[in-house]
Every structure is written in structure tokens, then in C-alpha cells.
2 protein chains.
Amino acid sequence: MQELEERIREQGVVKPGNVLKVDAFLNHQCDVRLFDHMGAAWAEHFNNKHITKILTIEASGIGIACVAATHFDDVPVVFAKKAQSINLDGEQYVTHVYSFTKQKEFPVIVSKKYLNAGDRVLLIDDFLANGKALNGLIELCESAGAIVEGIGIAIEKGFQGGGDALREAGYDLDSLAIVESMDAETGAIEFRH
Amino acid sequence: MQELEERIREQGVVKPGNVLKVDAFLNHQCDVRLFDHMGAAWAEHFNNKHITKILTIEASGIGIACVAATHFDDVPVVFAKKAQSINLDGEQYVTHVYSFTKQKEFPVIVSKKYLNAGDRVLLIDDFLANGKALNGLIELCESAGAIVEGIGIAIEKGFQGGGDALREAGYDLDSLAIVESMDAETGAIEFRH
């Protein structure tokens, strides 16, 4: 998606340790017009699928998923939680994943009420690196008997392999920008096309 | 807002300890069509204000704020973070607030890059109870020299006093549903009109 690649080139900052900061428009300050265009791109890519629910994970996925849902007939958006809370009760699907950005393991929790057998799910998230968070969401869908119809990602760090593994496993993955390489010294970013 | 009150009556669950669970449509599963109507209601209420930025707090505020922003000329949405991360660097505005739902203190962090003197801010959040989270956001705005033009809340628990204190302090607060009382025994919910 050219618009997203341009924004990454203009406002993204490459940091040591494979960190690409895009907090100017994606995951701290949010450009909702860009989110709307991203949602339109996913709607076009997945237009042969019958999506009945969008599943994402707090926090950065939520805004993108909610705006994107307006391009999928306003299907419900469920966001997995990363911590227990008194707002979470009843039976839950839970798995545990390791976070690259937080450098620790955390739970991924969805109430059983909101993920069901027969749901045809589009997974959405801001980043895909090694795929640990996404694989956690896929695991929750499998536990529920829900079908993962597709995966919409804003920025895939292609060199970290998570996306290619998901494609090889047969998932319909639409990453709107795939970073093939990036260099913290020079700030250079190369995209896969 | 009648639609929101009806959804609370239909799907809200009153729990002991002043907990109102609305995870069916507001803060775990998200009804983005309802969010859109909420955004339209705030746009009408604040139509005499020139809003240049929306500020919310992760996680439940993000989806509501991003959908609402489409009714405010797609102004940038900034969400305050509740934990440090390697994605947060540079100078920050930080305060600390106590969470009613998580029952612990947490930091509220916004990068100085995304909150500036002259910003005319609309604060948005899903819940207002005692007002601690909102007061944290107001404090960050004051630190930045940003102007709080208004506050849009989905559900105010009126009996907990945070909303009335903000009104008395002169803030233009638009809570779309104000729960005057609720009863965990009977499930009864009374709204203020």
C-alpha cells in the first residue's frame, strides 16, 4: 500500500534492535484517515471472504480494527486482553505469548462469550514480526472452533519471518507494507513488493 | 443518548462493587456502529468548539476515540499508555493514577511530541467513575499547555461523583449515559436525565 509505505518513509524511525517506530501515525498518535484507507485495502483483498468478526489484541490493534470494521459491514470487533481485570469474568480462552516490544511474557485472553464456533474471523494487528502475538490469537480461534478467514497487518517486518511462516501454513495474510530490511545507522528502509 | 441507555439495559450486567459490565458492546467486544453514533452525538454537542486533537487512554478508549474522530474532521487521536515500552522513547509527560478496575496504580504516559501547547483537546473515554484516569489526562494536557475543550464519556457512573466534580470545575463534559444508581441484587439500573 503506497500511502502506508510513504508514511513509514516520512515518519518512521529505525532504532537499534529491529525496532521501527511509527508512533507518529500508527500506535501512539493515530491517523484515522490512514486507518480508513487501510480498512478499505483489506476489504478489497478479502472481498471473497465472508467475515463475521474481527479479532485483534490490545492496545495498538484496537483503533485500526475498529475503523477497519466499518469496511466489513460493521462486524463486531473483539480485542484480546493482555491482563486479567475485574471486568473479565466467566470462562475465557487464554494463551501466553512473548512480547518483543515489552520483552516479557503476557497472557492473551478472550471471554468465551465473544469467540464462538462458526465465527469467520479476520485477525488485524498493527505489526507482524516473529508472529508470536498472531499465533496466540490463532490458537484462541482454534480453541473456540472459529475459522481464521484472513489476517490483515499494517506493517510486517518481513526479515523476522513470522509472515512467511503464516503464508506457508496456508493463511491468507495481507500485510499492507512489508519491510524487507532496515538500517538503524542510515535510517534506510527497503520494502518487499 | 437513548440508544446507549437501551444497550446498557439490554446487555449491561451489574456486579457487586459498583461494577457495570458492558463488555458485550463497549470494552471487549466493540459495536462500531454504536461507536459511530456516539461520535456523532459528541460532534453535535461540541459543534461550537474547534477540536484539533482527541486524547484517550489505552485500551478501551482507543476504539471509541478512533471511530469518533471521523466526526471531527479526522483529527489525530493520541492514546496515553499505561506502561513503559521500547516503543516509547524521548521526552514524556507522565503522571500516576489509581485504577478502579485493575485495583492498582499505573503510570499515564504521553510522548511530548504528540501533545503540544495550543492543541485544543477533546478527551474521550469509555467510563467515568471517580475521575482519576480523566484527571490524569487533564494533568498531562496542563503540563503540555494544551487546552481541554471538552470531555466525551460513554458511561458515567454518576453516583461516584467524578463527573459532577469535573462539571463544577467548569469542564464541558458530555456523558452519553449517566447511571444514577444500579443494584447488583436486582440488576436494576436508573439513568439520570
Side-chain angles (χ1 to χ4, degrees), chain A residues 13 15 17 19-36 53-70 72-90 99-103 109-111 113-115 127, chain B residues 13 15 17 19-36 53-70 72-90 99-103 109-111 113-115 127:
Chain A
V13 179
K15 295 273 184 178
V19 175
L20 175 59
K21 279 178 64 73
V22 286
D23 56 359
F25 57 94
L26 200 71
N27 51 21
H28 186 19
Q29 182 166 258
C30 303
D31 181 338
V32 298
R33 194 167 297 168
L34 175 65
F35 289 8
D36 184 63
K53 189 168 280 179
I54 291 175
L55 177 64
T56 185
I57 183 163
E58 64 179 8
S60 306
I62 300 173
I64 299 166
C66 283
V67 174
T70 65
F72 290 88
D73 286 330
D74 293 339
V75 294
V77 173
V78 175
F79 62 89
K81 307 213 175 192
K82 290 179 177 171
Q84 289 292 346
S85 132
I86 57 173
N87 271 329
L88 268 172
D89 61 2
S99 165
F100 172 76
T101 43
K102 309 264 176 185
Q103 300 181 331
I109 309 164
V110 172
S111 167
K113 277 185 290 189
Y114 305 123
L115 194 58
F127 266 100
Chain B
V13 179
K15 295 272 184 179
V19 175
L20 175 60
K21 279 178 64 73
V22 286
D23 56 359
F25 58 94
L26 200 71
N27 51 20
H28 186 20
Q29 183 166 257
C30 303
D31 180 338
V32 298
R33 194 167 297 168
L34 174 65
F35 289 8
D36 184 62
K53 189 168 281 178
I54 291 175
L55 177 64
T56 185
I57 183 164
E58 63 179 8
S60 306
I62 300 173
I64 299 167
C66 283
V67 174
T70 64
F72 290 87
D73 286 330
D74 293 340
V75 294
V77 173
V78 175
F79 62 89
K81 307 214 175 192
K82 290 179 178 171
Q84 289 291 347
S85 132
I86 57 173
N87 271 329
L88 268 171
D89 61 1
S99 165
F100 172 76
T101 44
K102 308 265 177 185
Q103 300 181 332
I109 309 163
V110 172
S111 167
K113 278 186 290 190
Y114 305 123
L115 194 57
F127 266 101

If one checks every heavy atom of Phe35(B) against chain A at 4.5 Å, the contacting part turns out to be side chain
Give the member of Asp31(A), Ile62(A), Val77(A) that has the highest number of heavy-atom pairs under 4.5 Å with chain B. Val77(A)
Grab the two heavy atoms, one from Val75(B) and one from Val32(A), that are nearest each other, plus how far apart they are. O-CG2, 4.4 Å
Given a strict heavy-atom distance threshold of 4.5 Å, which part of Thr56(B) is in contact with chain A: side chain, backbone, both, or neither? neither
Portion of Ile109(B) that has a non-hydrogen atom of chain A nearer than 4.5 angstrom: backbone
Exam field: side chain His28(B) to backbone Ala80(A), donor-acceptor pair closer than 3.5 Å: no
Can you confirm whether Cys66(B) sits close enough to Cys66(A) that some side-chain heavy atom of one is under 4.5 Å from a side-chain heavy atom of the other? no
Could you have a look at Arg33(B), Lys113(B), Lys82(B) and say which one has the most heavy-atom pairs with chain A under 4.5 angstrom? Arg33(B)
Look at Leu115(A), Val13(A), Val78(A) and state which one has the largest set of heavy-atom pairs under 4.5 Å with chain B. Val78(A)
Look up atom CG in Leu55(B) and atom CD in Gln29(A), then write down how far apart they are to the nearest 0.5 Å. 10.5 Å
Against chain A, label Val110(B) side chain, backbone, both or neither, depending on which of its atoms sit under 4.5 Å from a heavy atom there. both
Supply the atom-to-atom distance Asn27(A) CG to Lys81(B) NZ, rounded to the nearest 0.5 angstrom. 5.0 Å
Which atoms of Ala65(B) are under 4.5 Å from chain A, going by heavy atoms: the side chain, the backbone, both sets, or neither? neither
Does any part of the side chain of Glu58(B), heavy atoms only, come nearer than 4.5 Å to the side chain of Glu58(A), both counted from C-beta? no
